[in-house]
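Inspection log for the structure reproduced underneath, given as structure tokens.
Side chains are part of it too, since the values below use all heavy atoms of this structure and drop only hydrogens, waters and symmetry mates. Note that the structure is a prediction, hence the values are computed from the model and not measured.
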Amino acid sequence: MKYRIIRTNKADEQLREIIFYIADDSGSIDIALGDLDKIETAINRLGEFPMSGTVPRYSILRKQGYRVLIAEKHLIFYKVNECEKAVTIYAVVDGRREYRNLL
């Protein structure tokens, strides 16, 4: 059964910031849109494979039930709700940043 994908406003905002940064840094909208496509594909795949992400390394995030999926240089933090058959995306961050306080 396919899981519904829900995104928080915070996750959408973080994703927009990432794409704008990539476009500005690279000088190419096409590069930014390519990265966006890779991230969106990874998120949408969670509808079929919600447990494909791993358990985060930080114990506080593990205890809160987060899972993390790696998409290129980006980390997608989410939780799975089995009862509602839903995956909620809470954050999309650059994996090179300290992300504990971004959730």
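Atom OH in Y3 sits 9.0 Å away from atom CG in N81 (nearest 0.5 Å). In this structure, CD1 in I76 is found 6.5 Å from CG in L46, a value given to the nearest 0.5 Å. A distance of 8.5 Å separates CD1 in I43 from CG in L69, rounded to the nearest 0.5 Å. For the atom pair CD1 (I5) and CZ (R45), the distance works out to 11.5 Å, reported to the nearest 0.5 Å. Here CD of E17 is found 11.5 Å from CG of D12. Values are rounded to the nearest 0.5 Å. Separating the CG atom in D24 from the CD1 atom in I19 is a distance of 12.5 Å, to the nearest 0.5 Å.
In plain terms, the two heavy atoms of A32 and I22 that are nearest each other are CA-CG2, 3.7 Å. When all heavy atoms of K38 and A71 are compared, the closest pair comes out as O-CB, 4.5 Å. Taking each heavy atom of I89 and Y78 in turn, the nearest pair found is CD1-CB, 3.8 Å. Nearest heavy-atom pair across V80 and M51 is CG2-SD, 3.9 Å.
The shortest side-chain heavy-atom distance between R7 and L15 falls under the 4.5 Å cut-off. For the pair V55 and R67, the minimum side-chain heavy-atom distance is below 4.5 Å. Taking the side chain as every heavy atom from C-beta outward, F77 and V93 approach each other to under 4.5 Å. The shortest side-chain heavy-atom distance between I6 and V87 does not fall under the 4.5 Å cut-off.
In terms of modelled atom types and a separation under 3.5 Å, the side chain of N44 and the main chain of E40 share a donor-acceptor contact.
Between Y90 and Y66, the ring center distance clears the sub-6.0 Å criterion.
Applying the salt bridge (Lys or Arg N to Asp or Glu O under 4.0 Å) definition to pairs two or more places apart or across chains, those involving residues 84-93 are R4-E84, E82-K85.
Checking V92, L36, D35 one by one against I18, the side chain to side chain contact (heavy atoms under 4.5 Å, CB included) holds for a single residue, V92.
At most 12 heavy atoms of other shown residues, nucleotides or ligands fall within 6.0 angstrom of atom CD1 in I70. Counting heavy atoms of neighbouring residues, nucleotides and ligands inside a 6.0 Å radius, atom CG of D37 exceeds 12 of them.
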